[in-house]
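Naming convention: chains lettered A, B, ... in sequence-line order (proteins, then strands); numbering from 1 in each chain. Predicted, not measured: the structure shown is a model, and the values here were computed from it.
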Amino acid sequence: MTRIARKRVPLLATAAVLVALFGGASLALEGFCSPFVVADLFSENAFLGIAALGTTLVILSGGIDLSVGSVVGFTTIFTATMISDHGAHPLLVWGAALALGAGFGALMGVLIQAFELPPFLVTLGGLFFARGMAFAVKKESASIDHPLYDTLGEVALPIGGGAELSFTALLFLGLFVVVLAVTNHTRFGRNLYALGGDEGSALLMGLPVARTKVAVYACSGFGAALAGVAMTLYTDSGNPVSGMALELDAIAVVVIGGTLLTGGVGGVGGTLLGVLIYSTIYQITYFANLPASLATLTIGALLLAFIILQRAIAHAS
Amino acid sequence: MTTDRPHWSRRVTAARLFWPLVGLAAVLAFNALFTPTFFHLEARDGCLYGSPVDVLNRGAIGVLLAIGMTLVVATGGVDLSVGSVMAISGAVAALMLTQTDAGLWLVVPCALGVSVLAGALNGVLVSLVGVQPIVATLILMVSGRGVARYLTGEKVVALVDDDFSPAFDYLAGGHFLGLPLPVTIFVVVFVVTALAVRRTALGLFIESVGANEAASRAAGVDTRGVKIAVYAFSGLCAGVAGLIDASNINAADTVNAGVFSELDAIFAVVVGGTALSGGRFTLAGSLVGALLLQTLLTTMYTFGVDSDIAPVPKALVIVGVCLLRSEAFRGRFRRGQAA
């Protein structure tokens, strides 16, 4: 019983930090506690959230994916160029982009699994490769002007008080529900936790380790590509430099969300809280007119605090 | 069959420096064939000019980072924060030069001191708190750039009309013995480091920590001290690189300084033949790796490959090198033969 409770400490700590941050900001800053801000928490960083869901799966499996930001950048410029310069239909382009992202992730997964290469190095290569390919597609930003983008830009779910969730926020929340269900209620989810907990044992238990590992990186690539699509919806454009260092933010929110970097412990529920904390910190700096670099600093400090907390829990048990 | 080969050739190809040197030689040979002007050296005002000098000069930052990274990797760690430490070092130097009357004799030690502290912080997190190296240094990578940007007020600090600029400018623009000063700096750092780790027991301690930390501690090695020292040293190298970078562009650009340089440094170390799993390391290999990377880049620029697309061949090289080193990959081609 105490063991289960102790496992929940990181998640509870994350929730407490979110409540404290939001509550404190609401008291100190006029107009912070409003449905508009709440809607912004989901909408402004929806693409980060989508990418972080994929990163959560990789980290749960005991791996790491550094290529996320580059894949986002590639997807945005690929999508924008195909729609604007080649006149392809967005739905077709999205399908292609998602397939490319998932395929690229799967390829990295195969290299990691079949040749026992360190995930860190393979995905580092992926980071360079995808960023270079993004510039190979087009070197400067391209805007998207398509009726479908206009239509989706108007799609919104009212949450009361005149505030509404944007389409990308809904996409993030929808994907969150799917990933939550997959990790908690499917065979793939159980294999994932087993693989992250102890790869050797998982193998001895006869679990499909190879298949799971490749699938995890494919999911992460898919998530990154979807995050790129969400970013084009958010900015109505594509840019080869977009998503620079996004993988680090994604890893940061996953860790703040209580998922252990050693794998096997945590979940996407924490990642959702992590994204909200990340957004709250940026909203606070925006509201209080503080420099954005202070937000980066705070996130670094939070990351440190959570990692030390995780170490303390690991030592105690 | 390879088993029929004479003994000496097996020994040569098994040497750690062999493959990195072959790679470097291949790129140089390619240049010699297709760019006749590549090896054209010219002496003007007692200074050497030409593509090889250019490679050494531009490669200085990469070499410095790779030297620090090699020792960190040898202890089984990795330092992702070197790019951010470069930004901090450049920011501290630029701020002191523009906002105070401090001379270079004070500015350089301060900038390097801050860098060493930042590195030591990584070391403390890794050794005393027990955080994974990737994570510990990731924290500084993320927040370090925030620190640098906060210090400079999120602006580029230009060193144009400053009195001390000429002296600072000399760091990257000056010449010593006919070669650009950055070359001298990295050669000195390399030689001093190589002597320190190979002529004293330090290198042995570092390798033993990387090979088996528990056994090293049991044998009386101060594993924590060694770890803090290598991260602090990596910070120092990054600090020097940051100063050269700031002097190069005569400004502290905290957003762009050293971005992705940690990845280049890791690339150099891995290509040079030091395994990321820790243990035995080769400084000379990392030096060759960093120069190989720079030569590759210079070659691509000569052939009109856009600098933005350069990461693609870089990625292919790093994955290719990893594959060649992977036992599983080798096993598919040469079964039954130990690597």
Roughly how far apart are [X] [atom1] and [Y] [atom2], rounded to 0.5 Å?
X	Y	atom1	atom2	value
B:Leu80	A:Phe120	CG	CZ	4.5 Å
A:Phe135	B:Ile309	CZ	CD1	9.0 Å
A:Ile251	B:Met141	CD1	CE	9.0 Å
B:Ser143	A:Leu304	OG	CG	8.0 Å
A:Leu261	B:Ile134	CG	CD1	8.5 Å

Minimum side-chain heavy-atom gap A:Phe129-B:Pro311 below 4.5 Å: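 With C-beta onward as the side chain, the pair stays apart.
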
Please determine, among A:Leu66, A:Leu127, A:Val241, the option with the most heavy-atom pairs under 4.5 Å with chain B.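 Looking at each of A:Leu66, A:Leu127, A:Val241 in turn, A:Leu127 comes out on top.
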
Would A:Leu121 and B:Val319 count as a side-chain contact (heavy atoms from CB on, under 4.5 Å) if you check the C-alpha gap in whole Å, the side-chain angles of each, and the deciding distance to 0.1 Å? CA-CA 8 Å; A:Leu121 272 181; B:Val319 172; over 6 Å; no

Minimum heavy-atom separation for B:Ala315 and A:Gly125, please, with both atom names. CB-O, 3.0 Å

Residue part contacting chain A, namely of B:Val317, when any heavy atom lies under 4.5 Å: neither

Residues in residues 263-270 of chain B that sit under 4.5 Å from chain A, counting heavy atoms only: B:Leu263, B:Asp264, B:Ile266, B:Val270

So what's closer than 4.5 Å to chain B heavy atoms on [X]: side chain, backbone, both or neither?
X	answer
A:Ser70	neither
A:Leu297	both
A:Leu111	side chain
A:Leu117	side chain

Around atom OH of A:Tyr193, are there more than 12 heavy atoms of other residues, nucleotides or ligands at under 6.0 Å? yes

B:Tyr150, OH: over 12 other non-hydrogen atoms inside 6.0 angstrom: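 No, OH of B:Tyr150 has 12 or fewer neighbouring heavy atoms, counting only those of other groups under 6.0 Å.
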
Heavy-atom pairs under 4.5 Å with chain A: which of B:Ile139, B:Leu125, B:Leu138 has the most?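 Of the candidates given, the most pairs with chain A belong to B:Ile139.
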
Pair A:Phe128, B:Val312 - check side-chain contact (heavy atoms from CB on, under 4.5 Å), show working. CA-CA 6 Å; A:Phe128 283 132; B:Val312 173; over 6 Å; no

Could you give me the CA-CA distance, side-chain angles and deciding distance for B:Asp308 and A:Lys139, then say whether side-chain contact (heavy atoms from CB on, under 4.5 Å) is met? CA-CA 8 Å; B:Asp308 295 323; A:Lys139 283 177 60 184; 3.8 Å; yes

